[in-house]
Structures are given as C-alpha cells and as structure tokens.
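Heavy-atom basis, side chains included; hydrogens, waters and symmetry copies ignored. Both counts, for ligands and for their atoms, begin at 1 and track the order of listing.
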Amino acid sequence: MEKSLAAVILAAGKGTRMKSAWAKVLHPICGQPMLNYPLQAARQAGFGKLRVVVGHQSKSVCQRCAATDIEWVEQAEQLGTGHALLCAAASLAGFSGDLLLLCGDVPLLRTETLQQLQAFHAREQAAVTVLTAEMPNPTGYGRIIREGAQVLRIVEEKDANDRERQVQEINTGTYLFDAEFVFSALKNLKTDNAQGEYYLTDVVAAAVAAGKTTRAISVNDPTEVMGINDRCQLAEAEALMRWRINTGLMRSGVTMIDPTTTYVDASVKIGPDTVLHPNVQLRGNTLIGENCILETGVVVVDSMVADGSHLKAGSAIEESKLGPECLIGPMAHLRPGTVLIGKNKIGNFVEMKKSILGEGSQSSHLTYIGDAEVGRNVNFGCGTITCNYDGAKKHKTTIEDDVFVGSDVQFVAPVHIGRNSLIGAGSTITKDVPADSLALARCEQKNIEGWCLRKKPKKS
Ligand code: UD1
Ligand code: CA
C-alpha cells in the first residue's frame, strides 16, 4: 500500500516584530509571499495533502496564497503551536501516515532537506523526528535533550535550566510525525509552562512515555532553517534566496556581471547566453529568451522577451510581449499590452501602451504610441504622438504596412492610415489616409523676402 503524505504549515501567528499591517507570511521574498516557499518545498518533497493553519488576517492570506491543493484551517485564538496543529486534526480525520509540520515563516528550507528528514524518519521507524540545527548561539530556541539517538524532550528557552540552556542543538520547528500518534498525544497537552501555551514540542516527551522511538536529524546549513521575525531577517532571507536564484541561473548559462546587484524573482525564467548587467530587476511572470542583453537599470515585470533582444539602460517593460531581436531603449517605457512582433527598434523616450507593432517597424525617439495597431516596416519619425484620448474615451489608430511617418506628427484617433503612404512632418492627421498617398496637414510655408532687413529687431 502506498503510504500517503500530508503536511501542515503553521501560519496563524501575528508576527508582532514585523511592525506591519500585513500578516507576516504575506511579506514577499524574491517576489513571492513567504508562505509560498514552505508550501512549494512540501509539494516538491511529495506531500500532497496540504493544510495551512491561519489566524491573523486569515482572509488575505487565503486569497494571496490560494491554490487548489491547499485546505485552510482556522485557528481563531493563538494558544500555542500544539493547539495550532490540533486545529488541523478534523481536516485530516482518518489520515494515517507521515505528517510533516512546517512553519510559514521559515522560507529557506530546501526540498532535499525534507527528503532527507523523511528518509531518516522512515529508516528509524520513529513516531517523531525533529529537524534540528547546531547553533553557536542557541538563545531563544527550544533545546534538544537527548539520550543517545533518542530525543527525551524539547525544552523551551523560557522553561530551561542553566544546563539545558548550554545545549546548542536546537529545534527548528520542523518535524515528521506519525499522524495517528501525534493527534492522540495533542489531546493530552497541558499549559503548565512559562508561557501558558500548548507546546507542540511536548509531544516528544509524550512519545517517549508511550515507549515510542523519537529521533532528531541536524541540517547541514543552519541558514536554511532561519525563521523570519523582523524586517532585518526578512532582508537577510531575501539576500540568501537571491543568491540561490542567481547561482542557479548562472549555472544554467546566464551571465551576471554582478550577481549581488541583480534582482530576479523566483518565478522568472532566462535562456542561456543572456547577459544581465548590474541593477537589472526581473519580476513576476517574466520569461527572457537566449542571447539577450539587459543593460543596467532595466526593469521587466510580467513580460516575455524573445531571443536575441537587447534592452538598453533604464528601460521599463510591463505586461508586454517582445518578439526576437528587438532593440529597446535606452529609457524606453513599454506599458501593459505592448506587443512587438520582432526586429523592432524602440528608442529613447518612447512610450508604448496597448499597441501592436508588426515586424521591423520602428520608433527611434520621443514618441507616444497608445491603442494602435501598426503593420510591418512602419517608421515613426521623432516626436510622433497617437492622440488616443478625447477626455472621455480611448480611440484606436491603425497604420498599415510600409507607412513612413515624418517627425512631429499627431494622429488624432480614431484614424486609419493605408499601406505605403507617407505622412509629412509636422502634420496633425484627423482624417483617414488612403493607401500609397502623401498626407500633409499643416499650413503651407510663406517666405517674405527682405523682411528681416526691414523689421527684425536690432541688438542695442
Ligand atoms: C517554536 C518552538 C521552538 C523552536 C522554534 C523554532 C514551540 C513550543 N516552540 O518556538 O522549540 O525552537 O519554534 O522557530 O513550538 N503559530 C500558530 N499558532 C499559535 C502559535 C504559533 O500558528 O498559536 C505559528 C506561528 O505563526 C509560527 C510558528 O507557529 O509560524 C512558530 O510559532 P512561534 O510563536 O514563533 O514559536 P517559537 O516560540 O518561536
Ligand atoms: Ca518563532
């Protein structure tokens, strides 16, 4: 019979030291709410039944971290970690097998560590296995009291005597339990301790009293089990996670000129031979192809950039899709809904929004293109503006293939420009232009000969 696996993640605590209006587990690390990391580690280690115990701001936590494989459990009052797990008992009624317990504020725990914990727990046939760490300064943590391999009990800092406080092996708050045993033991917990709480840690002594095997396994890297309690630790965890993401990307073939100043969310994917310069930020659901260059100060959010594109310094790209071999910036702004089919050039101080540009079309300088559908090989002169907004509604500009737009042109939308036409510089286009036409919409030039000799003011 296949042994089923369940995980309970505790996330009901308030996180007082964050000094925040938000629930602690919603604070992001590399673009993801902190809680998503233990959830993901549990999933990847094969724990299919996921329960999350929520209390403070439970509504916003459930909303932000929603996933179909999670069952949410409410702990209305935070009476301690033992009480928190007990709250999940009803949702796991009838479940027997390995029960993993994680804390929502321990985001750096690796999947491999959970797999090692599980293999050890199975090999030792333990009822309780605690994941521990050797800490040079164990202050604040529960201490592991052993007799050889058997863990006799866990003593909280506030309940420990001087000798117990010397122990450097600490409880990380991560455990594997025999589910049936732990739920029966939780029912007998007492609150006769320094904090007057139901301590989950007391189930260890209960297991020993019941003649069960209790074990502890130590993590190799103690930074993995770091708990986030304040914003300094949040920044520390972010830096560690950033390093993990960046080393993973560099090993897969991405060049980073300075990985300490390169900010890539956990969700981002990047192809090999792409080069990221310092201070690049890639956020959210972003995909960067192969052989791209992203210069300093480039920010890309929820966008796709295809192979061979070059994003020059200071360009910002949001919710956009760029085909191959685009040349963007410096200082270009592509706002949501921008689609560049490929081989497009968008130069400095060009802003685009909700517009599509066919292959090879370009706009090299100082232009606004909004709500426009533009064909192939269209050239926008410097200072072109699509006047898409009449104060009440947005209107569309359509420009067919091979149109040449002179400098300083305004398209007062809605307007349609036929293929292969030419718009004279300085024109304000308010009417549709048929294909193959020259459109001029400006005053004809008048020269008054000799005027300057007669009228031009003289310098005194
Ligand atoms: C706990 C352990 C301690 C361990 C430490 C590791 C106990 C009694 N002590 O102490 O041995 O060294 O974690 O970080 O378990 N929570 C709830 N509901 C509650 C109380 C807590 O959901 O009623 C959640 C918190 O949101 C947090 C986690 O449980 O995610 C740990 O709670 P916390 O109060 O931080 O426990 P510690 O006192 O640090
Ligand atoms: Ca804690």
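Under 4.0 Å from ligand 1, not a single heavy atom of Glu197 appears. Contacts between Ile170 and ligand 1, counted as non-hydrogen atom pairs separated by less than 4.0 Å, are absent for every part of the residue.
Between Ala84 and ligand 1, no pair of N/O atoms sits closer than 3.5 Å. Geometrically, ligand 1 and Glu77 share no nitrogen or oxygen pair separated by less than 3.5 Å. Of the polar atoms of Leu200, none of the N or O atoms is found under 3.5 Å from an N or O of ligand 1, judged by distance alone. Geometrically, ligand 1 and Glu156 share a nitrogen or oxygen pair separated by less than 3.5 Å. Considering backbone and side-chain N/O of Gly13, one or more are found under 3.5 Å from N/O of ligand 1. Between Gln75 and ligand 1, at least one N/O pair is under 3.5 Å apart. At a 3.5 angstrom cut-off on N or O pairs, Val53 does not count as close to ligand 1.
Side-chain contact, Thr132 with Glu169: a donor N or O sits under 3.5 Å from an acceptor N or O. Side chain to side chain, Asp265 and Ser267 fail the donor-acceptor criterion of an N or O pair below 3.5 Å. Using modelled atom types, one finds a donor on one side chain and an acceptor on the other under 3.5 Å when comparing Gln40 with Arg43. In summary, the side chains of Thr113 and Glu224 do present a donor paired with an acceptor at a separation below 3.5 Å, with no hydrogens or angles considered. For Tyr368 and Asn388, the side-chain atoms include at least one donor-acceptor pair closer than 3.5 Å.
Among all heavy-atom pairs drawn from Ser309 and Val305, the shortest one is CB-CG1, 3.6 Å.
Ligand 1 places these atoms under 4.0 Å from at least one heavy atom of Thr201: 7 (C), 8 (C), 9 (N), 11 (O), 15 (O). Near Cys103, with a cut-off below 4.0 Å to any heavy atom, the atoms of ligand 1 are 28 (C), 30 (O), 31 (C). Residue contact check: Thr172 has heavy atoms under 4.0 Å from atoms 6 (C) of ligand 1. Listed by number with element, the atoms of ligand 1 under 4.0 angstrom from any heavy atom of Gly142 are 3 (C), 4 (C), 11 (O), 12 (O). Here is the list of ligand 1 atoms found below 4.0 Å of a heavy atom in Thr81: 7 (C), 8 (C), 15 (O), 20 (C), 21 (C), 29 (O), 31 (C), 32 (O).
Side-chain atoms of Arg153 do not come within 3.5 Å of backbone N or O of Ala205 as any donor-acceptor pair.
A heavy-atom separation below 4.0 Å is not found between Gly227 and ligand 1. No heavy atom of His83 sits closer than 4.0 Å to any atom of ligand 1.
Of the candidates Gly15, Gly82, Ala23, Gly80, Gly80 brings a heavy atom nearest to atom 23 (O) of ligand 1.
Atom NZ of Lys354 is surrounded by 12 or fewer heavy atoms from other residues, nucleotides or ligands within 6.0 Å. Surrounding OH of Tyr198 are at most 12 heavy atoms belonging to other residues, nucleotides or ligands under 6.0 Å away.
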As a quick check of understanding, evaluate side-chain hydrogen bond (donor to acceptor under 3.5 Å, both in side chains) for His83 and Glu77, giving each step before the final call.
CA-CA 9 Å; His83 177 255; Glu77 228 185 321; over 6 Å; no
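Taking NZ of Lys394 as the reference point, atom OG1 of Thr386 lies at 10.5 Å (rounded to 0.5 Å).
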